[in-house]
Amino acid sequence: MKIGILSFRSSERKASEEEIRLKKEANALGHHAKVYRVSNFHMVYDTSSPCLIYEGKPFSKCDVMITRPAVLVNVELHIAIVDQMEMMG
C-alpha cells in the first residue's frame, strides 16, 4: 500500500519525530510511505481533470493520505490542497 504523510511543517524544518516514526512503522509493515510537504505542492485548477504538482512533477495518488496538522499560517490554502486530493480520488 502506498501511504502518504502530509506534513504542514515548513520545508526548511526537518520532519517531526512522529512523521519519521509513522514512515518507519509503515515501511516495516511492508508498505511504501513518504512524507509530503504541503509547501511543495502546486494546484492545477481544471474542472474536468483536477491535479496536483509536487516538486515540479505530477503527483501520483496514494492509497491513504495521513494529514499531520500543525499551527497553520495559510489555512485556506492547506484545506484547498486536501480538497484537491479528495477530488482526484
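Worth knowing before you read on, the calculation uses all heavy atoms, side chains too, and leaves out hydrogens, waters and symmetry mates.
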Do L52 and H42 touch side chain to side chain, with heavy atoms closer than 4.5 Å? no

Kindly say whether S60 contributes a backbone atom to a donor-acceptor pair with the side chain of Y54 at under 3.5 angstrom? no

Under 3.5 Å, which donor-acceptor pairs link side chains of residues 21-32 to any protein atom two or more places apart or in another chain?
residue, atom, partner, partner atom, Å
N27, OD1, A33, N, 3.0
N27, ND2, K23, O, 3.3

Can you name the side chain to side chain contact (heavy atoms under 4.5 Å, CB included) partners of T67, sequence neighbours left out? L6, F8, P69, V82

Answer whether the closest heavy-atom distance between the side chains of D63 and I3 falls below 4.5 Å. no

So how far is it from K57 NZ to N40 CG, rounded to the nearest 0.5 Å? 12.0 Å

For E18, side chain to side chain contact (heavy atoms under 4.5 Å, CB included) partners two or more places apart: S16, R68

So R9 and E19, do their side chains get closer than 4.5 Å, heavy atoms only? yes

Given side chains that start at C-beta, do those of Y36 and C62 come closer than 4.5 Å, heavy atoms only? yes

May I ask whether V38 and V35 are part of the same hydrophobic cluster, defined by side-chain heavy atoms of I, L, V, M, F, W, Y residues being less than 4.5 angstrom apart, directly or through others? no

Mind checking whether F59 and F41 have parallel, tilted or perpendicular rings, split at 30° and 60°? perpendicular

